[in-house]
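Here's the structure, in structure tokens; my notes come after.
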Amino acid sequence: VRRILSDNKVFIKGTDYTEQFSVAFGEGLVTSNGDKHRKDRSSFNKLFVKTNIAKYLEMMNKKSLEAIEEIVVPVMGTDRKGGSDEAKVIDIEHFFAILSLRVFIKFALGVDLPGKEEWLCKQVSDGSWAVGRMITLGLPMWNIFPAVHTIRKSRETLWDDLKPVVDRRKKEGLKEGEDTDCLSVMIEEKMSDEEINDHLVTLLSAGHDTTAYFSAYLVYLLGCNQQAQERLREEITKQLNGRTMMEANDVTEMKYFNCVMQETMRLYSIIPCITRSCK
């Protein structure tokens, strides 16, 4: 199994990636193969290491607290128990979809897109649902299928919103003191608009959607297992020791939290299968 998943010279990506997924994602990191994939992966690798991600922790903390104040507090109140016996319900999937989108947009493009978040979440959700349905049913990505129209339309309308940001960044360049993000790497590599579109669609769809669903399942499981929830709350409280902001080493040092994350992925695998073709 290790060789199949790591030897990408003999075991190349399966046709569902290079044929079906490419309709939605173009030739992004998920769907590209061979020399192109190696080149693109080399370009982006430096952004997804712990030392670089740590630079964005202040932004992630800030956006998390803002989302809680904006989405959770108006429904639940500031009291952990809601302040009364009245049952209060919040759509935790929606909360994490908005939060993860805000984080990924800032990480990938260095901007915010207020007013577009609900719409973007729906486009990504509709496109992902359509891709998954076609692959599950084993259907070819032909235009006669309504799901294929949904995928293509989502991709086109997503780019309509992202292109002005790309054009502005190309014109302005990276400002002094700003961290290198995904878009600045693509501009430095002199990628075409089509290549940039492919990568941004992949990052925002495969990145934000999977993160949102994983987080929602994690919270759902904690809600179903009060003992685990209390144990995790104790670990977080002890680790932060009065701090309100997470630091780079907090997540790795919280051993029980890592167990909770791994158990969530075991029970609700966000990427249920990875296919390879043997050359």
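Residue numbers start at 1 and run along the sequence shown.
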| task | Evaluate the criterion side-chain contact (heavy atoms from CB on, under 4.5 Å) for residue pair Leu139 and Val148; output intermediate values, then yes/no. | result | CA-CA 10 Å; Leu139 297 173; Val148 176; over 6 Å; no
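- How far CD of Glu247 is from CD of Glu253: 9.5 Å, rounded to the nearest 0.5 Å.
- Using a 4.0 Å cut-off between a side-chain N of Lys or Arg and a carboxylate O of Asp or Glu, Arg243 and Asp250 qualify as a salt bridge.
- Crowding of Lys122 atom NZ: a count of heavy atoms from other residues, nucleotides or ligands under 6.0 Å not exceeding 12.
- Salt-bridge formation is detected for the pair Glu70/Arg102: a Lys NZ or Arg NE/NH1/NH2 atom is positioned less than 4.0 Å from an Asp or Glu carboxylate oxygen.
- Minimum interatomic distance between Ile4 and Phe11 (heavy atoms only, all atoms of both residues): O-CB, 3.4 Å.
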| task | Could you give me the CA-CA distance, side-chain angles and deciding distance for Tyr256 and Ile236, then say whether side-chain contact (heavy atoms from CB on, under 4.5 Å) is met? | result | CA-CA 9 Å; Tyr256 189 67; Ile236 293 171; over 6 Å; no
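- For Thr210 (side chain) and Ile270 (main-chain N/O), no donor-acceptor pair under 3.5 Å exists by modelled atom type.
- Atoms CD1 and NE2, from Ile92 and His94 in turn, are 11.0 Å apart once rounded to the nearest 0.5 Å.
- When all heavy atoms of Lys13 and Val30 are compared, the closest pair comes out as NZ-O, 2.7 Å.
- Ion pair Glu189/Lys39 flagged as a salt bridge, since at least one NZ, NE, NH1 or NH2 atom sits closer than 4.0 Å to an Asp/Glu carboxylate oxygen.
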| Does the pair Gln229 and Arg233 meet the rule for a side-chain hydrogen bond (donor to acceptor under 3.5 Å, both in side chains), with working shown? | CA-CA 6 Å; Gln229 184 179 144; Arg233 180 178 286 118; 3.3 Å; yes
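- From Asn8, atom CG reaches atom NE2 of His37 across 6.5 Å, with rounding to the nearest 0.5 Å.
- Ring centroid separation for the pair Phe48 and Phe107 comes in under the 6.0 Å cut-off.
- Distance alone, capped at 3.5 Å, is enough to place a donor-acceptor pair between the Ser6 side chain and the Arg2 backbone.
- Taking 4.0 Å as the cut-off between side-chain N and carboxylate O, Glu172 and Arg169 do not count as a salt-bridged pair.
- Taking 4.0 Å as the cut-off between side-chain N and carboxylate O, Glu263 and Arg266 count as a salt-bridged pair.
- Closest approach of Trp119 and Thr157 over heavy atoms only: CH2-O, 3.3 Å.
- Counting heavy atoms of neighbouring residues, nucleotides and ligands inside a 6.0 Å radius, atom OH of Tyr220 does not exceed 12 of them.
- Note: the hydrophobic cluster containing Met245 does not contain Val103 (ILVMFWY, side chain heavy atoms under 4.5 Å, direct or indirect links).
- In this structure, OG1 on Thr150 lies 12.0 Å from CH2 on Trp129, to the nearest 0.5 angstrom.
- Side-chain N or O atoms of Asn258 include one that pairs as donor or acceptor with a backbone N or O of Met254 at under 3.5 Å.
- When each of Asp209, Leu204, Leu109 is tested with Phe104 by the rule side chain to side chain contact (heavy atoms under 4.5 Å, CB included), just one qualifies, namely Leu204.
- A donor-acceptor pair is defined here as one N or O able to donate and one able to accept, closer than 3.5 Å; no such pair exists between the side chain of Thr136 and the backbone of Arg133.
- Note: Lys63 NZ to Glu58 CD = 11.5 Å, rounded to the nearest 0.5 Å.
- Here the side chain of Glu235 pairs a donor or acceptor atom with the backbone of Phe257 at under 3.5 angstrom.
- At a threshold of 4.0 Å, the pair Lys171-Asp167 does not count as salt-bridged, since none of the basic side-chain nitrogens sits closer than that to a carboxylate oxygen.
- When atom types are taken as modelled, the side chain of Asn225 and the backbone of Leu221 share a donor-acceptor pair closer than 3.5 angstrom.
- Taking a 6.0 Å sphere around CZ of Phe96, one finds it holds more than 12 heavy atoms contributed by other residues, nucleotides or ligands.
- With Leu101 as reference, Leu120 is the one residue of Val124, Leu120, Leu113, Thr211 to meet the side chain to side chain contact (heavy atoms under 4.5 Å, CB included) rule.
- Closest approach of Ala54 to Ala248, counting heavy atoms only: CB-CB, 4.1 Å.
- Asp112 has a carboxylate O that lies under 4.0 Å from a charged side-chain N of Lys106, or vice versa, which qualifies the two as a salt bridge.
- For Gln226, the CD atom counts as densely surrounded, since its 6.0 Å shell holds more than 12 non-hydrogen atoms of other residues, nucleotides or ligands.
- Residues Ser184 and Asp181 bring a donor and an acceptor atom of their side chains to less than 3.5 Å of each other.
- Each of Leu65 and Met59 belongs to its own hydrophobic cluster when Ile, Leu, Val, Met, Phe, Trp and Tyr are linked at side-chain heavy-atom distances under 4.5 angstrom.
- A salt bridge does not link Asp7 to Arg276: none of the charged side-chain nitrogens sits closer than 4.0 Å to a carboxylate oxygen.
- Nearest heavy atoms, Leu99 versus Ala67: CD1-CB, 4.2 Å.
- Summarising the geometry, atom CD1 belonging to Ile144 is positioned 9.0 Å from atom NE2 belonging to His149; distances are rounded to the nearest 0.5 Å.
- Closest approach of Asp198 and Glu27 over heavy atoms only: OD2-N, 3.0 Å.
- Between Lys36 and Glu195, at least one side-chain nitrogen of the basic residue sits less than 4.0 Å from a carboxylate oxygen of the acidic one, meeting the salt-bridge criterion.
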| request: Apply side-chain contact (heavy atoms from CB on, under 4.5 Å) to Glu118 and Ile98, showing your working. | output: CA-CA 7 Å; Glu118 299 277 355; Ile98 295 295; 4.1 Å; yes
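- Linking Ile, Leu, Val, Met, Phe, Trp and Tyr whenever their side-chain heavy atoms come within less than 4.5 Å leaves Tyr56 and Val49 in two separate clusters.
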